[in-house]
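Have a look at the structure below before the remarks.
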Number of protein chains: 2
Amino acid sequence: MITVTSTGGNRTRPLGIPVVAELPARAQAVPCGDCAAREACLPAALPPAQWGMINQAVCVRQHVRREYALYRAGEDFNALYALRGGSFKSYVVGEDGRDQMTAIHLRGEILGTEGIAAARHTSTLVALEDSEVCVIPFGVLRRLSAEYPTVQKWFHRLLGGQIVSNAGMIALLGTGRAEERLAAFLLNLSRRFAARGYSPREFSLNVTRHDIGSHLGLSTETVSRAFSRFQREGLVRVWKQRVQLIDIAGLKRSAGGLA
Amino acid sequence: MITVTSTGGNRTRPLGIPVVAELPARAQAVPCGDCAAREACLPAALPPAQWGMINQAVCVRQHVRREYALYRAGEDFNALYALRGGSFKSYVVGEDGRDQMTAIHLRGEILGTEGIAAARHTSTLVALEDSEVCVIPFGVLRRLSAEYPTVQKWFHRLLGGQIVSNAGMIALLGTGRAEERLAAFLLNLSRRFAARGYSPREFSLNVTRHDIGSHLGLSTETVSRAFSRFQREGLVRVWKQRVQLIDIAGLKRSAGGLA
DNA sequence: CGACCTTTTGAACGTATTCAACCGATGTGG
DNA sequence: CCACATCGGTTGAATACGTTCAAAAGGTCG
């Protein structure tokens with residue numbers, strides 16, 4: 001396996017000075033077998049005997065520092081990315097300049113599928129913390145998919161799962177009040193953290209109230225007020241961008257069936 | 001090719017008396033080459049020399065009468081459906097019983113992808129008019145996809161396109177006022193009708209204001225008021241469920257960048 | 001015709017947004 | 001080191017928008 005240690009793209013925050021990713025390849029043996037995210041990743045679709053093949057032919061690891069972009073809307077699509085460690089947010093920028101966070105991605109998820117249709121990325125992906133991804137060139141995935149039915153099935157489920165989860169988001173946005181949406185958002189994260197072996201009751205995300213608001217179709221102030229209210233009611237403890245879910249059952253009630 | 005003329009599922013409206021689909025197969029030669037929707041369908045991914053193979057192995061045509069369901073949420077998934085003629089709406093029913101229309105499907109679109117992930121349909125698909133679909137068994141599609149790179153590419157673009165269009169819907173719901181949403185909805189339909197050779201300026205859909213409202217996250221009354229206002233401003237002519245777009249540029253202005 | 005559904009419109013209400021001020025943390029430059 | 005600017009977050013007050021409740025008109029179908 002080849003490990004590429006790079007800046008991981010362009011920093012987004014300080015007026016986006018283009019920092020070309022440095023690519024000084026440094027060979028390092030970190031096979032899929034050692035990867036904490038492998039159960040959700042491509043190897044899960046192949047017998048372990050084939051992992052060596054993936055290690056050599058497929059995966060190139062890439063570091064992305066916090067606040068830096070893995071890719072940006074408009075760039076050519078040519079690979080998917082398995083999120084090995086860390087987290088990302090994806091967002092789009094409307095014609096009027098307003099940005100809208102479209103998703104939060106946690107370890108084990110596959111990034112980049114939104115670029116498949118047009119062979120061009122339609123959103124921008126920024127690391128919320130120092131993160132690491134494995135690059136899966138799309139051509140390789142196509143080939144493996146044609147060759148191994150298990151890979152094909154894995155890939156179809158991956159894409160289908162994104163369709164379903166997007167549909168869930170549509171349902172969330174099309175119904176429910178501000179607090180229901182925020183509660184559903186928190187519970188969704190809680191479930192996903194739990195599924196990855198992290199605590200479902202306490203986590204922190206480097207996203208602003210503005211990000212959350214744009215994600216849920218709410219204003220910054222409304223998000224803040226909803227957090228305050230949840231805290232006043234003893235449902236959560238909020239400390240800056242760290243959140244502790246105290247009364248999950250109560251939150252579910254607040255989510256009103258949207259959980 | 002086998003043509004199956006059936007009731008096409010269960011009628012939804014009158015208290016859902018289960019009408020089992022009758023399946024009196026009646027062989028009829030209607031090859032893909034004669035299909036008006038073929039450019040968007042599977043044959044587009046195969047050389048015409050292979051169409052005969054599809055005709056024999058893949059497609060089973062099925063009629064679905066207006067108000068009847070092609071499939072329902074919870075049913076097993078085992079095929080995709082190419083919409084040969086007519087139109088469908090898909091909707092989900094929340095835990096509280098509220099229904100929400102999630103999409104409108106027009107001729108040439110492929111239906112059923114939301115069932116891939118869980119091998120079970122997550123929404124219900126109801127014909128808005130007497131319609132006709134070609135059944136594409138998923139196993140066959142998997143096999144063709146592995147065998148023909150062009151089919152694989154077609155299928156990947158299909159799924160990727162749904163991800164992108166769902167993301168667009170999320171953007172629509174997360175931002176914008178009621179009239180912006182309705183204008184964007186109408187313009188979206190207009191563009192899709194135009195792409196299929198129908199008039200982009202006049203169309204009719206058998207969906208109620210309630211359906212549209214649930215789709216856009218608005219109440220029935222708000223949809224009605226927005227239509228009335230558009231008509232007062234000379235942007236559209238509305239006559240029951242038929243709508244004529246008079247001032248498309250004005251509608252785009254009303255959509256405010258969401259078009 | 002009568003029952004039912006859809007649509008429209010009005011009025012009162014409720015919720016989220018907007019505008020604004022303030023706080024605390026962070027970072028910069030003199 | 002401190003003054004100052006910036007940014008994210010919080011909170012209050014006024015406003016705008018969509019919902020809800022209510023009534024009535026028009027259509028459709030038995």
Side-chain angles (χ1 to χ4, degrees), chain A residues 11-15 66-67 89 96 98-101 128 172-183 185 204-233 236-243 254 256 258, chain B residues 11-15 17 65-67 89 96 98-101 126 128-129 172-183 185 204-233 236-243 254 256 258:
Chain A
R11 184 132 200 240
T12 53
R13 265 297 213 44
L15 282 168
R66 178 175 173 187
E67 299 276 342
K89 70 172 175 181
D96 49 2
R98 286 182 302 189
D99 61 318
Q100 182 176 8
M101 185 172 81
L128 296 175
L172 174 69
L173 288 172
T175 177
R177 314 251 150 277
E179 293 178 8
E180 295 178 321
R181 295 187 195 177
L182 183 60
F185 171 72
S204 103
L205 295 167
N206 296 317
V207 292
T208 66
R209 302 282 187 267
H210 171 78
D211 286 328
I212 299 173
S214 73
H215 187 50
L216 301 177
L218 303 170
S219 70
T220 311
E221 295 94 327
T222 300
V223 174
S224 178
R225 275 185 252 269
F227 266 124
S228 298
R229 180 179 245 264
F230 283 162
Q231 177 149 300
R232 230 179 300 126
E233 292 171 348
V236 304
R237 270 277 300 140
V238 184
W239 186 39
K240 296 187 58 73
Q241 287 174 349
R242 181 155 202 86
V243 58
S254 291
L258 292 183
Chain B
R11 183 134 201 235
T12 54
R13 265 295 214 46
L15 281 170
I17 299 169
R65 291 229 309 278
R66 179 176 173 183
E67 299 274 338
K89 69 172 175 182
D96 50 359
R98 285 182 303 188
D99 62 318
Q100 182 177 7
M101 185 172 81
V126 169
L128 297 174
E129 58 195 307
L172 175 68
L173 288 174
T175 177
R177 314 252 148 278
E179 294 179 8
E180 296 178 321
R181 295 187 195 176
L182 183 61
F185 172 73
S204 102
L205 296 168
N206 297 318
V207 292
T208 67
R209 301 283 186 266
H210 170 79
D211 286 329
I212 299 174
S214 73
H215 186 50
L216 301 176
L218 302 169
S219 70
T220 310
E221 295 93 328
T222 300
V223 174
S224 177
R225 275 186 252 270
F227 266 125
S228 298
R229 179 180 247 263
F230 283 163
Q231 178 149 303
R232 230 178 302 125
E233 292 172 346
V236 305
R237 272 277 302 142
V238 184
W239 185 37
K240 300 193 49 77
Q241 288 173 348
R242 181 157 202 84
V243 57
S254 292
L258 292 184

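Per chain, numbering begins at 1; letters A, B, ... match sequence-line order. Worth saying up front: this structure is predicted, and the values here are computed from it rather than measured.
B:F230 places none of its side-chain heavy atoms less than 4.5 Å from the side chain of B:V238. Counting only heavy atoms from C-beta outward, the side chains of B:H210 and B:D99 approach each other to under 4.5 Å.
Using modelled atom types, no side-chain atom of A:T175 and backbone atom of A:L172 make a donor-acceptor pair closer than 3.5 Å. No donor-acceptor pair under 3.5 Å is formed between the side chain of A:Q241 and the backbone N or O of A:S204.
Note on B:T222: every side-chain N or O is 4.0 Å or more away from OP1 and OP2 of D:dG18. Between B:R177 and the phosphate of C:dT18, there is a side-chain N or O to OP1/OP2 separation shorter than 4.0 Å.
Listed here is the closest heavy atom pair of A:M101 and A:K89: SD-CB, 4.0 Å. Here the shortest heavy-atom pairing between A:L173 and A:G217 reads CD2-N, 4.2 Å. Closest approach of A:V223 and A:G213 over heavy atoms only: CG2-CA, 3.5 Å.
Recorded end-axis angle for the helix from C:dC1-D:dG30 to C:dG30-D:dC1 stands at 30°, based on five pairs per end and rounded to 10 degrees.
Residues A:G176 and A:K240 both approach DNA chain C. Their nearest nucleotides, taken by heavy-atom distance, put A:G176 toward the 5′ side. Between B:E221 and A:S228, the one whose closest nucleotide on DNA chain D sits nearer the 5' end is A:S228.
Here C:dT6 presents its P atom at 12 Å from CG of B:N206, a figure rounded to the nearest Å. In this structure, CZ of A:R209 is placed 15 Å from C1' of C:dC23, rounded to the nearest angstrom. Between B:Q241 atom CD and C:dT6 atom C1' there is a gap of 8 Å when expressed in whole angstrom units. To the nearest angstrom, C1' of C:dT7 lies 14 Å from NE2 of B:H210. If you measure from atom CD of A:E179 to atom P of C:dG14, you get 16 Å, rounded to the nearest angstrom. A:E67 places its CD atom 13 Å from the C1' atom of D:dG8, with the value rounded to the nearest Å. Remark: C1' of D:dG9 and CZ of A:R242 are 18 Å apart, rounded to the nearest angstrom. At whole-Å resolution of the value, CZ in A:F227 and C1' in D:dG8 are 13 Å apart.
As judged by a 4.0 angstrom heavy-atom cut-off over every strand, A:G217 is placed among residues touching the sugar-phosphate backbone only.
Contact of B:R225 with D:dT20 (side chain to base): a donor-acceptor pair of N or O atoms is detected under 3.5 Å.
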